[in-house]
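Note that the structure is a prediction, hence the values are computed from the model and not measured. Chain identifiers are assigned alphabetically (A, B, ...) following the order of the sequence lines, protein sequences preceding nucleic acid strands; residue numbering begins at 1 within each chain.
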There are 2 protein chains.
Amino acid sequence: MRADARRNRGRILVAARAVFAEHGIDAPMATVARRAGVGVATLYRRFPTRDALVRAAFAHQMETCARALTDALADPDPWRGFQRLFETVCELQREERGFPAAFVAAFPDSTAEHAQARERTERDLMTLVRRAQAAGALRADFHPSDLVVALLSHCGLVTALPHDGAASRRLVAYLLQSFRAEAAHRPLPPPSALSLRDVPIAADGSQRQRPSRA
Amino acid sequence: MRADARRNRGRILVAARAVFAEHGIDAPMATVARRAGVGVATLYRRFPTRDALVRAAFAHQMETCARALTDALADPDPWRGFQRLFETVCELQREERGFPAAFVAAFPDSTAEHAQARERTERDLMTLVRRAQAAGALRADFHPSDLVVALLSHCGLVTALPHDGAASRRLVAYLLQSFRAEAAHRPLPPPSALSLRDVPIAADGSQRQRPSRA
DNA sequence: TCCTAAGTGGACGGGATCGTCCGTTTAAAT
DNA sequence: ATTTAAACGGACGATCCCGTCCACTTAGGA
């Protein structure tokens, strides 16, 4: 890759994060290009689809999430690991605007090359949950899919209230408290049959409702 | 209003609910018109803006919400009233697809004629919360804005997983449990400064992130 | 039956975004 | 310095959606 090409690629990613944060994940591609000081053609050559751009722009945050999971498993205190994982991911969603949508959009990688990475993620999550339950900290009726449910609802909240960190922190605190074993007063309804790979996604990568436009 | 006009108005509302459920709240107006078997002009004459159409299409659900609040206040058991209100609104969001977005979009009626209705709603909510706290059922550090936070996050969840009633029910159960007084193990972070009228909304009525398109 | 005003529908101009094509520029190897 | 292939940028045609305008139709009273 030529030097100028590499430079432009970097500029595009910076611009994309800024534009996505300001105008949402499906801002016009031309806006990103202009902000990067680059022609549209250059943008399209580097990232053929909007989805590719979104993924690349938030790859760093994705890695942070993966690292958080590793760290959580490494924590000697299973509950603390669980708690920190949840808090870390939610903090990322809260701070990097545009990331929540990207986060949701990145899930259904089903066909993609990351199948094995995903396998591992799912297995790690399961391990984390089982361990915290065995330690008596996480309620026994907690289901791994509940973590996804919690993360998705938090995504929705920060999407609706992008500037309200207090609201996000409150939700996180409420949810964590209700995940504790002591909170298991009454039985829960049956868990979602959701597998991580089943999260349906908007074709355009947005989180909007049923984006399938006739 | 002429008979045929009234008939067409009804058809449009039915079509709008169907189309919004299937393609999201900002499906093309022409799609709604086609589905209703009328011309676009008729649609625009009856509902000059998309927002007006959305409001009218989901007016029934809105009234159900209002009634749920009244019922909640009338319930002799303050906690049961609170619980039922939350469950009822969430059930509505879960069952009528397209309603969550409409629900969020309807909030910032600030300038509108419904200012007084809104005043009353806010007051009623506050009363409901205080009453449930006085009864010792709702945790003392619950803030009225927490109910909005909970509803918005639930909106986000059903938007992301439109077909997963189980996930929605789980979230509702978790949240309700963490709202109980017995769950107040540890202090919560400070509440959101959110007033109901401050909920920022997408110009297009969608729930997508920062809709302000340059 | 006739009349008229309300109602209707489709065509149309305007505006926005997409993604490609192609002539020009430039990095970097020789 | 020369060369060449990679990289570039802007213009362009295609597509979509909005919202209005206008000529035609029809309900319902006289």
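Nearest heavy-atom pair, Ala102(A) versus Val54(A), reported as atom, atom and distance to 0.1 Å: CB-CG1, 3.6 Å.
A straight line from CZ of Arg45(B) to P of dC21(D) spans 13 Å, rounded to a whole angstrom. Distance, Arg46(A) CZ to dG19(C) C1': 16 Å, rounded to whole Å. Between the CE atom of Met29(B) and the P atom of dG9(C) there is a distance of 15 Å, rounded to whole Å. Regarding Arg11(A), its CZ atom lies at a distance of 16 Å from the P atom of dA7(D), rounded to whole Å. Separating the OH atom of Tyr44(A) from the P atom of dC18(C) is a distance of 5 Å, rounded to the nearest angstrom. As a whole-Å value, the separation of Asp51(B) CG from dG19(D) P is 12 Å.
The stretch residues 1-10 of chain A touches DNA chain C through Arg2(A), Ala3(A), Asp4(A), each having a heavy atom within less than 4.0 Å of the strand.
Annotation: side-chain hydrogen bond (donor to acceptor under 3.5 Å, both in side chains) contacts of Asp75(B) (sequence neighbours excluded): Arg80(B). Residues forming a side-chain contact (heavy atoms from CB on, under 4.5 Å) with Thr64(A) (at least two apart in sequence, or on another chain): His60(A), Arg67(A), Leu92(A). Not a single salt bridge (charged side-chain N to carboxylate O under 4.0 Å, His left out) links Arg7(A) to another residue, sequence neighbours left out. Annotation: salt bridge (charged side-chain N to carboxylate O under 4.0 Å, His left out) contacts of Arg35(B) (sequence neighbours excluded): Glu22(B). Arg2(A) meets the salt bridge (charged side-chain N to carboxylate O under 4.0 Å, His left out) test with Asp4(A); sequence neighbours excluded. Scored by the ring pair (Phe, Tyr, Trp, His ring centres under 6.0 Å) test, Tyr174(A) finds Phe179(B) as partners (sequence neighbours excluded). Here Gln177(A) pairs with Arg139(B), Arg186(B), Leu188(B) under the side-chain contact (heavy atoms from CB on, under 4.5 Å) rule; sequence neighbours left out.
Rounded to 10 degrees, the angle separating the terminal axes of the helix from dT1(C)-dA30(D) to dT30(C)-dA1(D) is 0°, with each axis obtained from five end pairs.
Sorted by first and then second residue, the salt bridge (charged side-chain N to carboxylate O under 4.0 Å, His left out) pairs involving residues 171-180 of chain A (not counting sequence neighbours) are Arg180(A)-Glu182(A). For the salt bridge (charged side-chain N to carboxylate O under 4.0 Å, His left out) condition, the pairs that include at least one residue of residues 145-163 of chain A, sequence neighbours left out, are Asp146(A)-Arg170(B).
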Return the polar atom pairs (N/O with N/O) between nucleotides 10-12 of chain D and the protein under 3.5 Å, or none.
none

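With contacts defined as side-chain heavy-atom distances shorter than 4.5 Å, the pair Val149(B)/Asp164(A) does not qualify.
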